[in-house]
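Within every chain, numbering begins at 1; the chains are lettered A, B, ... in the order of the sequence lines, protein sequences first and strands thereafter. None of the values given here were measured: they were computed from a predicted structure.
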Amino acid sequence: MFRSIECGEINLQHINESVTIAGWVHRRRDHGGLIFIDLRDSKGIVQVVINPENGTNLHSTGESLRNEWVVQITGTVQARPSGTINPEMVTGEIEIDAKNITILNQSETTPFYINDDKIEIDELLRLKYRYLDIRRPKMKNALKARHKVVKFIRDYLSDQGFLEIETPILIKSTPEGARDYLVPSRLYPGNFYALPQSPQQLKQLLMVGGIEKYFQIARCFRDEDLRADRQPEHTQLDIEMSFIDQEDILNLIEDLYINIVEQLFPNKNILNPFPRLTYEESMSKYGTDKPDLRFDLSLIDFSEIASKTELKVFKSTLEQNGIIKGFTVPGGASLSRKKIDSLTEFTISKGAKGLITIAIIDNETNNSTDLEMSNFKSNISKFLTLEQLVNISNRANAQKGDLIVMVAGTKKTTNASLSALRNKIGTELSLADPNMLAFAFVVDFPLFDFNEDENRWDATHHPFTMPKEEFQDSIENDPGSVIANCYDLVCNGEELASGSIRNHNFELQSKIFNVLGYSDDQIDLRFGQLVNALKYGAPPHGGIAPGIDRLLMLLTDSNNIRDVIAFPKTQNGIDPLFESPGPVDTEQLDELNIILKDTQELKEN
RNA sequence: GGCCCCGUGGUGUAGCGGUUUAACAUACUGGCCUGUCAAGCCAGAGAUCGCCGGUUCAAAUCCGGUCGGGGUCGCCA
């Protein structure tokens, strides 16, 4: 027996018991006589006292100990003398009177503090020594939380009759959407496997296979540029069900997520039930399909009022089919000139041409509720009449002391920049309750998206999404108008899940492929297996795929995805611990029939 | 590929043209110390300031390039 109990579990009930514990030296306090060791294992920390009266050898071993050495200690649990109880520690009422210490392993001085995670360490260093980083409470807690969530999901779905089924990691490249990671085939020179971007087609094939309720904690691979919330391999809860409609899936996810939060993260608040808004509503009210609903600041369309002014910006925007939108920042009139400038700069960086601001000053010269010219401080006030300014503030529902911000431009950039500005202001004015998880469903996405660059229709979600029944006749003659049985789960401005009801009918699926401009050969090459399967009694089915990493980010208050992944990659796709990707032996390449381009040439490209 | 921010002892920061032999905290090494818990006190070692080039009498400090990290736009069905 290596140990009889774990450090964090010892309490007053164990007084006078002899225990053997093992762990890492978290901290050492050497008083010359008494030596205190805080010993840490995965369950917690306990104080060990090394008393010189218990033997010279024991004491000199105690003196030699250093942080992060691994030791096994046998001793007696005793109550701490009065006045020395540490209320900050879970085990602060007791300590271990050491009788024997065995050094199991020594440690070099670690490259960063293990026993203090208040100091932010350079992330590259943390990743290079990830095994040490994981010893720190923040990472350990994130990984524990992750385990709990995944276990909860497995139990929950399993109880409801879902089967967890693994799908291959080596599949075929279906060049569309994200860039595939490729794996060369040894047995078939010149041919490649691809790592799945998601098990999409496989889970639909499982439905044709009669599984009816499938899930998987699935790894998904996409060779695209990374962000704070994106990794080249991320984990999805992949779900697919047969004989269900959209409501069944939304209800399932809503209930699952409410239970995860309520049972595992009771300090978090949620909106119950989850608000549902259509894509159209979300875009018009928040300028995005993944709104942060922890605060209001909803967008207002000023195009109508703007059309009645002589302001050049407004006129030219409207002439070019653009829009004028904005929102009211409560109390924003007191923001400094410098602050306003930085918000303007931010908005421009998100694609806007500029930012119009109208502050409604609460001045002493005008005590009445009626506003006069002196109440308006704005970069456009000299181009507008008092009546127009009052109309705008009425439309914006703005009071004295508030600030109205506006952007004029194309629908796309106006919404995008205002949405980003809304999030920024929400954060900076602390409008969002940090313990709130504002889950919401966004539904009724368009089926197709016009790709201006390539002058063709793209699938908004993916090509297997089913259009709503009432739009099925317009698929070919008015693709842009077609609304899909497609839905997202969003939370605090993050997209957490995406799903749809799929086409189980071969003819309908073919029509959609036609609109997307696929030739029969392309359909056969990329989707042949799925399209064929639809011909053999495919049941009505649909599903959803929530991102596990992003959910964990929100649940653990992490601000990037790497903090909830044990061994993540940097923004450039590097693993600093393994130094991957790395070169391979010529023999390995030979077996794969691969010849590298000249290294000089590789560098230049 | 574009834009923005960052790079100074092991770690986290300060210094932002000239008494700086680059400062502080902490970690580290040694000594003292029997009730600490971020133990304390004393002493010591440790960075040519990511790299290259330029401006200057003088560069950690200014400029250009480059490498690395982060954020973001493009991209991510």
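- Using modelled atom types and a 3.5 Å distance limit, the side chains of A:D289 and A:S282 yield no donor-acceptor pair.
- Contact annotation: A:R29 side-chain N/O to B:rA39 OP1/OP2 distance is under 4.0 Å.
- Set against B:rC37, B:rU36, B:rC76, the side chain of A:R222 has B:rC76 as its closest nucleotide.
- Whole-Å rounding puts the A:N559 CG to B:rG71 P distance at 9 Å.
- Nucleotides B:rG74 and B:rU8 place their C1' atoms 35 Å apart, quoted to the nearest Å.
- The nearest whole Å value for the distance from the OH atom in A:Y129 to the P atom in B:rU11 is 9 Å.
- B:rU66 and B:rC24: their C1' atoms are spaced 32 Å apart (whole Å).
- Rounded to whole Å, the distance from CD on A:Q197 to C1' on B:rC75 is 12 Å.
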Output a table of nitrogen or oxygen pairs between the protein and nucleotides 12-16 of chain B separated by less than 3.5 Å.
from   : atom 1 : to     : atom 2 : distance (Å)
B:rG12 : OP1    : A:D122 : N      : 2.7

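- Taking the C1' atom of each, B:rG15 and B:rC62 are spaced 16 Å apart, rounded to whole Å.
- Between B:rU34 and B:rU19, the two P atoms lie 46 Å apart (nearest whole Å).
- With both ends at atom C1', the span from B:rC67 to B:rG50 equals 8 Å, rounded to whole Å.
- In terms of position on RNA chain B, the residue among A:I574 and A:F464 whose nearest nucleotide sits closer to the 5' end is A:I574.
- A:R230 contributes a side-chain N or O that forms a donor-acceptor pair with the base of B:rC76 under 3.5 Å.
- For the residue pair A:D549 / A:Q231, no side-chain donor-acceptor distance below 3.5 Å is found, with atom types taken as modelled.
- Contact of the A:V515 side chain with the A:F448 side chain is registered, since non-hydrogen atoms from C-beta on lie closer than 4.5 Å.
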Between the protein and nucleotides 2-9 of chain B, which nitrogen or oxygen pairs are less than 3.5 angstrom apart?
none

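- Residue A:T84 has no polar side-chain atom (N or O) positioned under 4.0 Å from OP1 or OP2 of B:rU36.
- Applying the ring pair (Phe, Tyr, Trp, His ring centres under 6.0 Å) rule to pairs touching residues 27-54 of chain A yields A:H31-A:F36, sequence neighbours excluded.
- A side-chain N or O of A:T76 and one of A:K99 form a donor-acceptor pair less than 3.5 Å apart.
- B:rC63 and B:rG40: their P atoms are spaced 42 Å apart (whole Å).
- In this entry the distance linking CG of A:D30 with P of B:rG35 reads 12 Å, nearest Å.
- Qualifying salt bridge (Lys or Arg N to Asp or Glu O under 4.0 Å) partners for A:E68, counting only residues two or more places apart in sequence or in other chains: A:R40, A:R135.
- Computed from coordinates, the A:D289 CG to B:rC76 C1' distance equals 13 Å when rounded to whole Å.
- Closest approach to the A:R27 side chain among B:rG71, B:rA38, B:rU72 is made by B:rA38 (side chain taken as heavy atoms from C-beta onward).
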Contacts under 3.5 angstrom, residues 47-55 of chain A side chains, donor-acceptor by atom type, not counting sequence neighbours:
from  : atom 1 : to    : atom 2 : distance (Å)
A:Q47 : OE1    : A:R29 : NH2    : 3.0
A:Q47 : NE2    : A:E95 : OE1    : 3.1
A:N51 : OD1    : A:E53 : N      : 3.0
A:N54 : ND2    : A:D97 : OD1    : 3.2
A:N54 : ND2    : A:A98 : O      : 3.0

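- Both A:T109 and A:H462 lie near RNA chain B, and the one whose nearest nucleotide falls closer to the 5' end is A:T109.
- Residues meeting the side chain to side chain donor-acceptor pair (under 3.5 Å) test with A:E93, sequence neighbours left out: none.
- B:rA14 sits 40 Å from B:rC75 when the C1' atoms are compared, rounded to a whole Å.
- Rounded to an integer number of Å, the gap from A:I35 CD1 to B:rG35 P is 13 Å.
- Note on A:R227: every side-chain N or O is 4.0 Å or more away from OP1 and OP2 of B:rG70.
- Out of B:rC76, B:rU72, B:rG69, the shortest distance to the side chain of A:Q571 is found at B:rU72.
- Rounded to an integer number of Å, the gap from CG of A:D488 to P of B:rC76 is 16 Å.
- For the pair A:R80 CZ and B:rG35 P, the computed distance is 14 Å after rounding to whole Å.
- Taking 4.0 angstrom as the limit, A:R66 places a side-chain polar atom (N or O) nearer than this to OP1 or OP2 of B:rG30.
- Rounded to whole Å, the P atom of B:rU48 lies 13 Å from the corresponding atom of B:rU11.
- No hydrogens or angles were tested; on distance alone, nothing pairs the side chain of A:D225 with the base of B:rC75 as donor and acceptor under 3.5 Å.
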